[in-house]
Amino acid sequence: MLEEVERWLSRRSWSVADRSPERLVAAKRASGTSVSVVLPALDEEATVGGIVEVIRRELMARTPLVDELVVIDSGSGDRTAEVARKAGARVVHRDEILPRVPAVPGKGEVLWRSLLATRGDVVAFVDADLREFSADFVSGIVGPLLTDPDVHFVKAMYDRPLGSAAGQGGRVTELMARPLLNMHWPQLAGFVQPLGGEYAARRSLLERLPFPVGYGVELGLLVDALHTVGLDALAQVDVGVRKHRHQDGQALGRMAAAIYRTAQLRLARGHLVRPELTQFVRGEHGFEPRTYPVDTEERPPMSDIAEYAHRRVA
């Protein structure tokens, strides 16, 4: 590990317990910083309501840290929107945001559009499939942005069990993202959960970054944030244990392909020879190929979008 990263780990890695709720509320009040929390959701009726309830109770009513809580529904076929709305979130459908630009499937697409649907100076993203959710996931990643003006981007770090096996989650992180970062962006080697879906950043940074539309969004934002504001403006906070729904091996393969493509583009800004991934499933007559497209599109920095610029003037 680079000496620079070792120094960074000692200066920019914290625990959620390092900042008391009282300190965060005082810092928020003194700075006048507003905070938005965004939950990107697709068919998450089983978990989204509980997450919304915890944030509203713990971080809006009891400790006033969050000013705006928005669930962006990206086309759920279940009761995700109804459950989130009943729990107290403002629910916006992905296609209602920037309708002149046709939406494409993907988590990054939803996160990009959320910048137009929110107004907070700090925007925190939280996955909607978390179980046994704790408010620490939000207060932890928001905390450094309220108390440390030099910090611009904060990732959560946590243990990721796989079933009953401790520390065995995050398979794409260990097999794809961590090797890529260590080899090509060694300054980022200190991040425990570089692909984690819980992170917060200043709007002034997010609006300057391109957003990969799919699974590559977490790696893309992290790499681009490094190049935009530097390592010392990035941080991570330990929030405990993250429990969520795990995907099967083939879904993880498609995720890994998208992440590799995101890294490749940032390494060379070049052209993919074949932006597709073929996987195999056993069918009635043996192994059958299934070919899937790899996300090849990125959304431009939101600051380049006319509607966003107009909203800021207004």
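Remember, it's a predicted structure, so these values are computed and weren't measured experimentally.
- Between Ile305 and Leu98 the shortest side-chain heavy-atom distance falls below 4.5 Å.
- When every heavy atom of Val142 is checked against every heavy atom of Ala124, the shortest pair comes out as CG2-CB, 4.0 Å.
- Note that CD1 of Ile55 and OG of Ser134 are 10.5 Å apart. Values are rounded to the nearest 0.5 Å.
- At a threshold of 4.5 Å between non-hydrogen side-chain atoms, the residues Leu265 and Glu298 count as touching.
- Tracing side-chain contacts under 4.5 Å through hydrophobic residues (I, L, V, M, F, W, Y), one never reaches Val213 starting from Tyr215; they form parts of separate clusters.
- Taking the side chain to side chain donor-acceptor pair (under 3.5 Å) definition, one finds that Asp127 meets it with Lys107, Arg242, sequence neighbours left out.
- Put simply, Val223 and Leu2 are part of the same group of oily side chains (I, L, V, M, F, W, Y) that touch within less than 4.5 Å, one to the next.
- With a 4.5 Å cut-off on side-chain heavy atoms, Glu82 and Thr80 do not count as touching.
- Using a 4.0 Å cut-off between charged nitrogen and carboxylate oxygen, Glu44 and Arg79 do not count as a salt-bridge pair.
- With respect to Ser34, the side-chain hydrogen bond (donor to acceptor under 3.5 Å, both in side chains) criterion is satisfied by exactly one of Asp67, Asp121, Thr118: Asp121.
- Counting all heavy atoms, side chain and backbone alike, Ala225 lies closest to Leu205 at CB-CD2, 4.1 Å.
- Nearest heavy-atom pair, Tyr308 versus Leu115, reported as atom, atom and distance to 0.1 Å: CE1-O, 3.6 Å.
- Hydrophobic clustering (ILVMFWY, side-chain heavy atoms < 4.5 Å, transitive): Leu267 and Val217 are in one cluster.
- Using a 4.0 Å cut-off between a side-chain N of Lys or Arg and a carboxylate O of Asp or Glu, Lys155 and Glu198 do not qualify as a salt bridge.
- Here CG of Asp232 is found 10.0 Å from CZ of Arg7. Values are rounded to the nearest 0.5 Å.
- Of all non-hydrogen atoms in Ala87 and Glu53, the two that sit nearest each other are CB-CG, 3.8 Å.
- Side chain to side chain, Ser36 and Glu68 meet the donor-acceptor criterion of an N or O pair below 3.5 Å.
- Both Leu69 and Val25 are members of a single hydrophobic cluster when ILVMFWY side chains are connected at heavy-atom separations under 4.5 Å.
- Side-chain contact between Lys28 and Leu65 is present, with at least one heavy-atom pair separated by less than 4.5 Å.
- Taken from CG in Leu219 to CZ in Arg261, the straight-line distance is 11.0 Å, to the nearest 0.5 Å.
- For residues 3-44, the ring-ring contact (aromatic ring centres under 6.0 Å, His included) pairs, not counting sequence neighbours, are Trp8-Phe191.
- Counting only N and O atoms by type, the side chains of Tyr199 and Glu218 include a donor and acceptor under 3.5 Å apart.
- Using a cutoff of 4.0 Å between basic side-chain nitrogens and carboxylate oxygens, Glu96 and Arg94 are not scored as salt-bridged.
- Across Ala117 and Val70, no two heavy atoms sit closer than the pair O-CG2, 4.4 Å.
- Under a 3.5 Å cut-off, the side chain of Arg202 and the backbone N or O of Val151 do form a donor-acceptor pair.
- Side-chain contact between Leu145 and Thr33 is absent, with no heavy-atom pair separated by less than 4.5 Å.
- When all heavy atoms of Arg113 and Val101 are compared, the pair lying nearest together is NH2-O, 2.6 Å.
- Side-chain contact between Val71 and Val38 is absent, with no heavy-atom pair separated by less than 4.5 Å.
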Stepwise, does the side-chain hydrogen bond (donor to acceptor under 3.5 Å, both in side chains) test hold for Ser13 with Gln236?
CA-CA 5 Å; Ser13 292; Gln236 60 185 349; 3.0 Å; yes
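- Residues Val92 and Asp73 fail the side-chain proximity criterion, which asks for heavy atoms closer than 4.5 Å.
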Step by step, would you call Gln250 with Arg290 a side chain to side chain contact (heavy atoms under 4.5 Å, CB included)?
CA-CA 10 Å; Gln250 293 214 333; Arg290 298 285 188 273; 5.6 Å; no
Criterion side chain to side chain contact (heavy atoms under 4.5 Å, CB included) on Arg100 and Glu307, from CA distance to verdict:
CA-CA 10 Å; Arg100 73 170 177 85; Glu307 289 88 340; 2.5 Å; yes
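- Val192 belongs to a hydrophobic cluster whose other members, connected by ILVMFWY side-chain contacts under 4.5 Å either directly or through intermediates, are Met157.
- Counting heavy atoms from C-beta outward, Met255 and Met176 have side chains that stay 4.5 Å or more apart.
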Check step by step if salt bridge (charged side-chain N to carboxylate O under 4.0 Å, His left out) holds for Glu207 and Arg203.
CA-CA 6 Å; Glu207 66 187 12; Arg203 176 177 295 271; 5.5 Å; no
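- The OG atom of Ser76 sits 5.0 Å away from atom CG of Leu42, with the distance rounded to the nearest 0.5 Å.
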Would you sort out whether Ile51 and Leu130 count as a side chain to side chain contact (heavy atoms under 4.5 Å, CB included), showing the intermediate values?
CA-CA 8 Å; Ile51 297 171; Leu130 302 188; 4.0 Å; yes
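- Geometric assessment of Arg254 against the ring of Tyr292 yields a positive cation-pi assignment under the 6.0 Å and 45° thresholds.
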Would Phe153 and Val229 count as a side chain to side chain contact (heavy atoms under 4.5 Å, CB included) if you check the C-alpha gap in whole Å, the side-chain angles of each, and the deciding distance to 0.1 Å?
CA-CA 9 Å; Phe153 188 99; Val229 294; 5.6 Å; no
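- For the atom pair CG of Leu24 and OG1 of Thr63, the computed distance is 9.0 Å after rounding to the nearest 0.5 Å.
- Under the 3.5 Å distance criterion, with hydrogens and angles disregarded, no donor-acceptor pair is assigned to the side chains of Tyr158 and Gln193.
- With Asp136 as the fixed residue, the side chain to side chain contact (heavy atoms under 4.5 Å, CB included) test singles out one of Val54, Ile141, Val16: Val16.
- The CG atom of Leu234 sits 12.0 Å away from atom CG of Asp150, with the distance rounded to the nearest 0.5 Å.
- Using a 4.0 Å cut-off between charged nitrogen and carboxylate oxygen, Arg19 and Asp148 count as a salt-bridge pair.
- No donor-acceptor pair under 3.5 Å is formed between the side chain of Asp224 and the backbone N or O of Leu221.
- The pair Glu58-Arg62 counts as a salt bridge, with a side-chain nitrogen and a carboxylate oxygen less than 4.0 angstrom apart.
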